[in-house]
There are 2 protein chains.
Amino acid sequence: MDIRTLCLGILTMGDATGYEIKKTFEEKLDLIFHASYGSIYPSLNKLTEEGLVSCRELSQEKRPDKKIYTITAAGRYAFLEKVMNKPAADRFRSEFLATLMFAHLLPASTISQMIDERIADRERKISDMATGCPERPTDTEQFMCGYGRTVYQAEIDYLIENRHLLEADALLGRRAAE
Amino acid sequence: MDIRTLCLGILTMGDATGYEIKKTFEEKLDLIFHASYGSIYPSLNKLTEEGLVSCRELSQEKRPDKKIYTITAAGRYAFLEKVMNKPAADRFRSEFLATLMFAHLLPASTISQMIDERIADRERKISDMATGCPERPTDTEQFMCGYGRTVYQAEIDYLIENRHLLEADALLGRRAAE
DNA sequence: TGATTAGTATATCAATATGATATATTTAGG
DNA sequence: CCTAAATATATCATATTGATATACTAATCA
């Protein structure tokens, strides 16, 4: 599933502009999938060419013109077809963990600080999610919010209990380097 | 931190060819960071140009020539400098979760099957990790293996306990569509 | 009042990365 | 004997990011 397909998915929830689709990615899909304007606008153009969405232009007086996109019947069909496929593997990249791989080359204080910041960041994410999740969520929304909370909390707990392993390697590494 | 930097990091652990660096990504960094030949070979060329690694060619009789890369002093310095920076945010993309967002559009049987497969996949990852982690690990290696196990297990537990939420939306969505 | 920041809305572009493919040979397994 | 996996290089179209440009409004703040 590429960003083009996911734009189509977002449009199943209602008409939207490119700008609004970007906001949806940030608000509802922050946990799951990221997309920048550089991929959203070209996607929308291509989907229009392919007849999977239609576009009407709304000129506003005190704003730039809006292009409002609507999914077509063909678009709905194409989306369902793609989404029924076996999903590809997750793609995950963590500079934080990559850095920790080299804990033995870094000062213990740097490692400690990075872990502190990571824990603070995960806590922020959890509390942001409490705000971001709707008050009367659908079952799926409830599932997604709980998923994020659970995974982030598991990470926090693990970091607290096991950070000493990294901090030990950072200290040992330094000593070995002397 | 980009792939170029991480190649440098891998070379701090010893000389290697592009092929061996790719294997290191697969074996030691599978959890954390991915890289394909299409990014590794160009990285190595650029690092050589910049004088951060040196390269000696070893012609083998019954194999393609090897290009063995060694990190230089300048390379070690450049790596440490980059790795001391505040790590950028994780990048995560999950087609699995993106699909579940649209559970209400899909047959409940499809959703159930996807969840079953996901659980099986995470279990496979956990057991692969038991094999992949060295017998006498360093503290950092122990930390990384434990990290993966913990996060995957948290996901499995969450899925088992909350899959009914998605399965409910899938059933309701279908009914609403009729 | 005046200045600065955030919000609405479009779009492009260089740089980066993926995933597939090509080439060529050896070794291991069934 | 044949096939698949392993060793080793490399390229390329396509996808994606992150930054930047443009242009106007609304809100905040000193």
Side-chain angles (χ1 to χ4, degrees), chain A residues 1-8 15-27 29-30 32-50 55-69 82 85-95 98, chain B residues 1-8 15-27 29-30 32-50 53 55-69 82 85 87-95 98:
Chain A
M1 188 176 352
D2 50 17
I3 285 173
R4 208 154 73 238
T5 306
L6 209 41
C7 284
L8 222 41
D15 295 358
T17 65
Y19 182 74
E20 288 164 342
I21 288 173
K22 176 69 157 58
K23 276 206 300 181
T24 302
F25 270 104
E26 283 163 6
E27 288 163 14
L29 294 160
D30 185 51
I32 291 169
F33 220 101
H34 293 260
S36 61
Y37 289 128
S39 57
I40 292 170
Y41 283 114
S43 290
L44 254 12
N45 288 333
K46 199 147 193 188
L47 290 169
T48 307
E49 271 176 48
E50 293 167 353
C55 170
R56 75 202 128 96
E57 232 154 315
L58 194 81
S59 63
Q60 302 181 116
E61 261 176 47
K62 310 198 165 182
R63 292 272 179 217
D65 287 6
K66 262 185 183 178
K67 289 186 185 171
I68 301 165
Y69 293 90
K82 287 232 174 157
N85 288 342
K86 184 179 156 62
D90 292 2
R91 225 183 284 170
F92 180 58
R93 163 182 296 198
S94 174
E95 292 197 7
Chain B
M1 187 178 351
D2 49 16
I3 285 171
R4 206 152 76 236
T5 306
L6 209 41
C7 285
L8 222 40
D15 295 356
T17 64
Y19 182 75
E20 287 165 343
I21 289 174
K22 175 70 158 60
K23 276 206 299 182
T24 302
F25 270 103
E26 282 163 8
E27 287 163 15
L29 293 160
D30 184 52
I32 289 168
F33 219 102
H34 293 258
S36 61
Y37 290 128
S39 56
I40 291 170
Y41 283 114
S43 289
L44 255 10
N45 288 333
K46 198 147 194 188
L47 289 169
T48 307
E49 270 176 48
E50 292 167 353
V53 306
C55 170
R56 75 200 128 94
E57 232 153 317
L58 195 82
S59 63
Q60 302 180 116
E61 261 177 50
K62 310 199 166 182
R63 293 275 178 213
D65 287 7
K66 261 188 187 181
K67 288 186 185 171
I68 301 165
Y69 293 91
K82 288 233 176 160
N85 287 341
D90 293 2
R91 224 181 287 169
F92 180 58
R93 164 180 295 198
S94 174
E95 292 197 9

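In what follows, every chain begins at residue 1, and chains take the letters A, B, ... in the order their sequences are listed. Only heavy atoms go into these numbers, but all of them, side chains included; no hydrogens, no water, no symmetry mates.
- Judged by closest nucleotide on DNA chain D, B:Ile68 is the one of A:Phe33 and B:Ile68 placed further toward the 5' end.
- B:Lys22 comes within 4.0 angstrom of nothing in the nucleic acid, heavy atoms only.
- A:Glu27 places its CD atom 11 Å from the P atom of C:dG7, with the value rounded to the nearest Å.
- Residue B:Ile3 holds its CD1 atom at 13.5 Å from CG of B:Leu8, rounded to the nearest 0.5 Å.
- Atom CD1 of A:Ile21 is separated from atom P of C:dT8 by 15 Å (rounded to the nearest Å).
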Could you pull out all donor-acceptor pairs under 3.5 Å where a side-chain atom in residues 36-43 of chain B meets a protein atom, sequence neighbours excluded?
| unit_1 | atom_1 | unit_2 | atom_2 | d |
| --- | --- | --- | --- | --- |
| B:Ser39 | OG | B:Ser36 | N | 3.4 |
| B:Ser39 | OG | B:Ser36 | O | 3.0 |
| B:Ser43 | OG | B:Ser39 | O | 2.7 |

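- Judged as a salt bridge (charged side-chain N to carboxylate O under 4.0 Å, His left out), and not counting sequence neighbours, the contacts of B:Arg4 are B:Glu50.
- Here D:dT16 presents its P atom at 16 Å from CZ of B:Phe92, a figure rounded to the nearest Å.
- Between A:Leu6 and A:Phe33, some side-chain heavy-atom pair lies under the 4.5 Å cut-off.
- Residues meeting the salt bridge (charged side-chain N to carboxylate O under 4.0 Å, His left out) test with B:Lys82, sequence neighbours left out: none.
- Comparing atom distances between the B:Arg4 side chain and each of C:dT16, C:dT18, C:dA9 picks out C:dT16 as nearest.
- Rounded to 10 degrees, the angle separating the terminal axes of the helix from C:dT1-D:dA30 to C:dG30-D:dC1 is 50°, with each axis obtained from five end pairs.
- Between A:Glu20 atom CD and C:dG7 atom P there is a gap of 15 Å when expressed in whole angstrom units.
- Within residues 36-44 of chain B, the residues approached by DNA chain C to less than 4.0 Å at the level of any non-hydrogen atom are B:Ser36, B:Gly38, B:Ser39, in residue-number order.
- Between B:Lys23 and D:dT7 there is a side-chain polar atom (N or O) within less than 4.0 angstrom of OP1 or OP2.
- Distance from the side chain of A:Asp2 is smallest to D:dT16 among D:dT16, D:dG18, C:dT18.
- One finds the OG1 atom of A:Thr17 at 8.5 Å from the CG atom of A:Leu44 (value rounded to the nearest 0.5 Å).
- Atom CZ in B:Arg91 sits 12.5 Å away from atom NE2 in B:His34 (nearest 0.5 Å).
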Step-by-step side chain to side chain contact (heavy atoms under 4.5 Å, CB included) determination, A:Cys55 to A:Ile68: CA-CA 6 Å; A:Cys55 170; A:Ile68 301 165; over 6 Å; no

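- Comparing D:dG18, C:dT18, C:dA9 by their closest approach to the side chain of B:His34 singles out C:dT18.
- Residue B:Thr17 has its side chain nearest to D:dA8 when only D:dA8, D:dT17, C:dA9 are considered.
- Nucleotide C:dT8 holds its C1' atom 13 Å from the CG atom of A:Leu58, rounded to whole Å.
- For A:Asp2, the salt bridge (charged side-chain N to carboxylate O under 4.0 Å, His left out) test picks out no residue, with sequence neighbours left out.
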Side chain to side chain contact (heavy atoms under 4.5 Å, CB included) assessment of B:Asp90 paired with A:Arg93: CA-CA 6 Å; B:Asp90 293 2; A:Arg93 163 182 296 198; over 6 Å; no

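- Distance, A:Met1 CE to C:dT18 P: 19 Å, rounded to whole Å.
- Between A:Tyr69 atom OH and C:dA9 atom P there is a gap of 13 Å when expressed in whole angstrom units.
- Out of D:dA8, C:dA11, C:dA9, the shortest distance to the side chain of A:Lys67 is found at C:dA11.
- Atom-to-atom, CZ of A:Arg93 to C1' of D:dA15 comes out at 14 Å; the value is rounded to the nearest Å.
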